[in-house]
Each structure stands twice: as structure tokens, then as C-alpha cells.
Amino acid sequence: MRPHRLVFITATGTEVGKTWLGAALITAAGSHGWSVAARKPAQSFDPLIAEPRDSAVLSDAAGCSEVEICLTHRWYPIPLAPPMAAMELELPAFTIADLVGELDWGPSPPDLGIVEGAGGLRSPLAADGDNLDFARAVQPDVVILVADAGLGTINQVRLNLAALVGRPVIVFLNRFLTADRVHELNRRWLIAEDRIDIATDVESLVRSLGC
């Protein structure tokens, strides 16, 4: 069983805004009458930093428990990629197949299912693969690639799109400011030269997803 529409959120790097966007999508799609659920296959974090875990941010938006978002045995309290954190903590290694097998949408799959990766697209997600391998395994209907809007984003977006070739992708330029000339020129260039779907705000992204 899978959602009517399955979305995988990844990014050009860490701290680009995947979790913020996931939470915003849950709220926006819900306001359009869609049932929404989110999942995070594995998460790592620094327990000494007073910031909510990704699963907490997503669960607050979805109105569910953190365990529904990310199973507790996939919480790794060390700031490294999940399989590296598991190794440092001397916990069992896990595979992409393990993570895919643990995805559970319940007896009534939602209209929109959001799966958030960890780190950037090519960051390790399991002992035998990265976020790209996970995306290939779950076959999402759409991949959302979160990128910064400023200098350097064209290079980063192109490198990631080369790995995602053949898959439906929407690029979300996060922290986009219409008044920022660089942001606007980057948006125009990617649309004109690379012919890709670009979103710069959550509402336009929701419309692109068909909500």
C-alpha cells in the first residue's frame, strides 16, 4: 500500500531546509483538503543542541507521534549520516531494503505521502546506499530537490539533476527573495536553460503537486 501521491524530499546539501519544507507541505496540502502523512526513514542529531529533531518538527505539523514519522530504533544521537552514526554507536548496520521495508502508511494510505531523506542526495542513508538509492527503491511520483536560491545554486542543482535524470523533479529554491536580483536571475536561468520545474513558495509547490 502506498499513498495516492508519493513525494521524496531531498536536497543539495545539509541544512538547506528539507524538514521545514516538509512541515510546510503537510500544513498547506492539508488546508487544500488532502490527507497527508510524513515519514523519515532514519535520522541523526546532536543531543546536546536544543533543537527539535526532524521527526518532532514533522510530527507537530502532521498532528501525530514522532514514532509514526521515524521508528525509534532509527534515531541516532550523533551528528553524522545515519549509517556512520550507527557505526560510531556500535549499533547494527542496516540496508536500504531495511528502510524501505519499514515504511508503513497504515491501513488507509494518505492522499499525499512525504518521505524526507537525510542530508544531501548522495549522503549515505544506509550501509549499502545513499538517498538516491533509496529514491530508486521507493519510486516516488515526484522528487523535490531543495536548494538555496543564492550564488552557487545553479552548479549544485545541475549536479543533483544529473543523478536524478529520468525522474520527475521539482526544484524548490528555499529562502527565495523576489527583490534579490541574484535569486531571480538564478530562477530564470534554470527555467530557460535547463527547462526544469521551479517553485519558490510553498503554495506554488502544492499546486505543482496537484493538491
Side-chain angles (χ1 to χ4, degrees), residues 1-41 43 52 54-66 68-70 103-106 108-118 120-121 131 134-135 138-150 153 156-157 160-161 164 166-180 183-184 186-192 194-211:
M1 299 293 288
R2 62 184 272 148
H4 171 70
R5 195 156 182 78
L6 181 61
V7 171
F8 180 65
I9 300 180
T10 187
T12 56
T14 57
E15 303 299 325
V16 182
K18 296 188 307 297
T19 305
W20 172 86
L21 179 62
L25 268 181
I26 292 169
T27 301
S31 70
H32 284 257
W34 279 44
S35 58
V36 189
R39 299 289 183 266
K40 190 169 179 83
Q43 65 179 350
D54 291 349
S55 57
V57 174
L58 295 172
S59 66
D60 284 348
C64 66
S65 70
E66 282 191 73
E68 288 184 60
I69 304 293
C70 182
L103 281 181
D104 182 5
W105 300 101
S108 300
D111 298 321
L112 179 64
I114 298 170
V115 181
E116 183 196 325
L121 179 64
N131 288 270
F134 181 85
V138 298
Q139 292 291 307
D141 297 297
V142 179
V143 174
I144 298 175
L145 177 67
V146 185
D148 281 321
T153 198
Q156 294 171 347
V157 167
N160 280 267
L161 289 179
L164 289 165
R167 300 184 182 280
V169 179
I170 299 173
V171 174
F172 184 81
L173 295 180
N174 198 17
R175 309 179 183 101
F176 183 88
L177 298 174
T178 305
D180 190 309
H183 291 191
E184 179 59 23
N186 283 341
R187 184 189 71 84
R188 293 181 189 178
W189 187 276
L190 288 168
I191 292 172
D194 294 271
R195 303 182 186 281
I196 56 179
D197 292 328
I198 298 283
T200 58
D201 64 89
V202 175
E203 277 301 317
S204 64
L205 180 58
V206 167
R207 290 194 296 271
S208 296
L209 294 175
C211 298

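All values derive from a computational prediction rather than experimental measurement. Excluded from the calculations below are hydrogen atoms, water molecules and symmetry mates; all remaining heavy atoms, backbone and side chain alike, are included.
Using modelled atom types, one side-chain atom of Asn186 and one backbone atom of Ala149 make a donor-acceptor pair closer than 3.5 Å. At least one donor-acceptor pair under 3.5 Å links the side chain of Gln43 to the backbone N or O of Ser55. Judged by distance alone, with hydrogens and angles left aside, the side-chain atoms of Asp148 form no donor-acceptor pair with the main-chain N or O of Gly150 at under 3.5 Å. Under the 3.5 Å distance criterion, the side-chain polar atoms of Arg39 are matched with a main-chain donor or acceptor of Asp104. The closest donor-acceptor contact from the side chain of Asn131 to the backbone of Gly120 lies under 3.5 Å.
Looking at residues two or more places apart in sequence or on another chain, you find a side chain to side chain contact (heavy atoms under 4.5 Å, CB included) between Asp197 and Ile170. In terms of the salt bridge (charged side-chain N to carboxylate O under 4.0 Å, His left out) criterion, residue partners of Asp194 (sequence neighbours excluded) are, by chain and number, Arg158. Arg167 is linked by a salt bridge (charged side-chain N to carboxylate O under 4.0 Å, His left out) to nothing, counting only residues two or more places apart in sequence or in another chain. Listed by chain and residue number, nothing satisfies the salt bridge (charged side-chain N to carboxylate O under 4.0 Å, His left out) test with Glu68 (two or more places apart in sequence, or in another chain). Residues passing the side-chain hydrogen bond (donor to acceptor under 3.5 Å, both in side chains) test with Asp54, sequence neighbours excluded: Thr19, Lys40. Legend: residues meeting side-chain hydrogen bond (donor to acceptor under 3.5 Å, both in side chains) with Ser31, ordered by chain and number and at least two apart, are absent. For Asp111, the side-chain hydrogen bond (donor to acceptor under 3.5 Å, both in side chains) partners two or more places apart in sequence, or in a different chain, are Ser35. A search for salt bridge (charged side-chain N to carboxylate O under 4.0 Å, His left out) contacts involving Arg187 returns Glu184, not counting sequence neighbours. Among residues two or more places apart in sequence or in another chain, the ring-ring contact (aromatic ring centres under 6.0 Å, His included) test is passed with Phe172 by none. For Asn174, there are no side-chain hydrogen bond (donor to acceptor under 3.5 Å, both in side chains) partners two or more places apart in sequence or in a different chain. Not counting sequence neighbours, Pro168 has no partner by the side chain to side chain contact (heavy atoms under 4.5 Å, CB included) test.
In this structure, the side chains of Phe134 and Val115 come closer than 4.5 Å at one or more pairs of heavy atoms. Residues Ser65 and Ser59 form no side-chain contact, since every pair of their non-hydrogen atoms from C-beta on lies 4.5 Å or further apart. Side-chain contact between Leu205 and Leu21 is present, with heavy atoms from C-beta onward closer than 4.5 Å. A heavy-atom distance below 4.5 Å is not found between the side chains of Thr153 and Thr12. Using a 4.5 Å cut-off on side-chain heavy atoms (C-beta onward), Ile196 and Val157 make contact. Contact annotation: the side chain of Ile144 approaches that of Leu25 to within less than 4.5 Å [non-hydrogen atoms, C-beta and beyond].
Between atom CZ of residue Arg175 and atom NE2 of residue His183 there is a gap of 10.0 Å, rounded to the nearest 0.5 Å. How far CH2 of Trp105 is from CG of Leu103: 6.0 Å, rounded to the nearest 0.5 Å. In this structure, the separation between CD on Glu116 and OG1 on Thr10 is 9.0 Å, given to the nearest 0.5 Å. A distance of 4.5 Å separates CG of Leu190 from CD1 of Ile198, quoted to the nearest 0.5 Å.
Closest non-hydrogen pair, Ala38 versus Ile26, comes out as CB-CD1, 3.7 Å. Among all heavy-atom pairs drawn from Leu145 and Ala11, the shortest one is CD1-C, 3.6 Å. Ala28 approaches Val206 most closely through the heavy-atom pair CB-CG2, 3.5 Å. Minimum heavy-atom separation, Gly210 to Trp34: O-CZ2, 3.1 Å. Scanning all heavy atoms of the two residues, the minimum distance from Ile9 to Gly22 falls at CD1-CA, 3.7 Å.
Remark: Trp189 CH2 is loosely packed, at most 12 non-hydrogen atoms of other residues, nucleotides or ligands lying under 6.0 Å away.
The salt bridge (charged side-chain N to carboxylate O under 4.0 Å, His left out) pairs that include a residue from residues 1-29 are Arg2-Asp141, where partners are two or more places apart or lie in different chains.
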